Each structure stands twice: as C-alpha cells, then as structure tokens.
Amino acid sequence: MLISTGPDVIRLLADPLRARIVELLADGALCTCHLVEETGAKQPLVSHHLRALRDAGLVEREPHGRFTYYRLRPELLRAGASRLTALAEQAVRNAGVRREC
C-alpha cells in the first residue's frame with residue numbers, strides 16, 4: 001500500500017464516483033438522497049460506495065430521524081496527503097540520483 005498500513009486511500013479515491021462523493025461530503029453532511037441527486041448515480045451504487053468509504057474510515061454515519069447522513073472524516077485524507085507530499089519532496093531531493101545497473 002502506498003499510503004499506510006491502514007486503508008489504501010488512493011485506491012479508494014481512484015474510483016470517480018467515490019472521489020465525487022468525498023468531494024461533496026467535504027462541504028458538509030449529506031444523506032444518500034442528496035448524493036444520488038448530485039451524482040446522478042443509482043441509490044444502490046451510491047450506498048455500495050458509501051459502505052466502502054465507511055469501512056475504510058473515511059466517512060461516518062449520523063442517524064437523523066428517518067434519514068442517515070454521512071460526514072467526511074478528514075484524518076485519513078490528511079495522512080494520505082502528508083505521505084504523498086513526503087514522497088514528492090523525496091523525489092525532488094533525489095531527482096539527480098540514478099542507481100547504477
């Protein structure tokens with residue numbers, strides 16, 4: 001895994017619909033009906049992706065009456081971004097390094 005020993009955030013966000021869901025949740029908690037409306041995807045597909053994001057710890061559920069709202073948990077995104085930043089800085093430092101055959 002590129003990011004950590006935890007969930008592979010890059011793999012999860014490589015899916016365009018999951019990435020869009022995360023993008024939408026960055027603006028605040030939404031229920032499944034909002035996500036279906038915003039993405040144009042069918043409800044079972046949105047629910048499937050929400051479950052993958054929930055299982056990875058990227059989102060959490062908030063029951064609110066008959067509805068369930070989903071909220072982004074930014075900790076894993078920050079960790080992934082930090083790891084990618086560190087890799088980019090390492091690549092810059094080692095731009096002139098070449099391993100001999």
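Because only heavy atoms are used, hydrogens play no part in the values below, and waters and symmetry mates are left out as well, while side chains stay in. None of these values were measured; they are calculated from a predicted model.
- The line from NE2 of His49 to CG of Leu12 is 10.5 Å long, rounded to the nearest 0.5 Å.
- Within the 3.5 Å criterion, the main-chain N or O of Gly57 finds a donor-acceptor partner in the side chain of Arg73.
- Ion pair Arg20/Glu23 flagged as a salt bridge, since at least one NZ, NE, NH1 or NH2 atom sits closer than 4.0 Å to an Asp/Glu carboxylate oxygen.
- Asp27 CG to Glu38 CD: the interatomic distance, rounded to the nearest 0.5 Å, is 9.5 Å.
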With side-chain contact (heavy atoms from CB on, under 4.5 Å) as the test, would you mind laying out the steps for Leu72 and Leu77 before giving the verdict? CA-CA 9 Å; Leu72 189 61; Leu77 291 175; 3.8 Å; yes

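- In this structure the side chain of Glu62 never reaches within 4.5 angstrom of the side chain of Tyr70, judged on heavy atoms.
- There is a side-chain donor-acceptor pair under 3.5 Å between Ser47 and Gln43.
- Taking the six-membered ring where tryptophan is involved, the planes of His34 and Tyr69 are tilted, since the angle between them lies from 30° to 60°.
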Take Val36 and Leu45 through the test side-chain contact (heavy atoms from CB on, under 4.5 Å) and record every step on the way to the result. CA-CA 9 Å; Val36 166; Leu45 184 59; over 6 Å; no

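- Note: Arg99 CZ to Asn94 CG = 13.0 Å, rounded to the nearest 0.5 Å.
- Note that CD of Gln90 is 12.5 Å distant from OG1 of Thr85, once rounded to the nearest 0.5 Å.
- From Arg61, atom CZ reaches atom SG of Cys31 across 14.0 Å, with rounding to the nearest 0.5 Å.
- Side-chain contact between Leu53 and Val22 is present, with heavy atoms from C-beta onward closer than 4.5 Å.
- Here the side chains of Arg54 and Glu60 are not in contact, with every heavy-atom distance at 4.5 Å or above.
- Side-chain atoms of Asp15 come within 3.5 Å of backbone atoms of Arg18 as a donor-acceptor pair (strictly under, hydrogens ignored).
- The minimum heavy-atom distance linking Leu76 with Ala56 is given by the pair CD1-O, 3.0 Å.
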Could you go step by step and tell me if Val59 and Ile21 meet the side-chain contact (heavy atoms from CB on, under 4.5 Å) rule? CA-CA 10 Å; Val59 299; Ile21 289 170; 5.6 Å; no

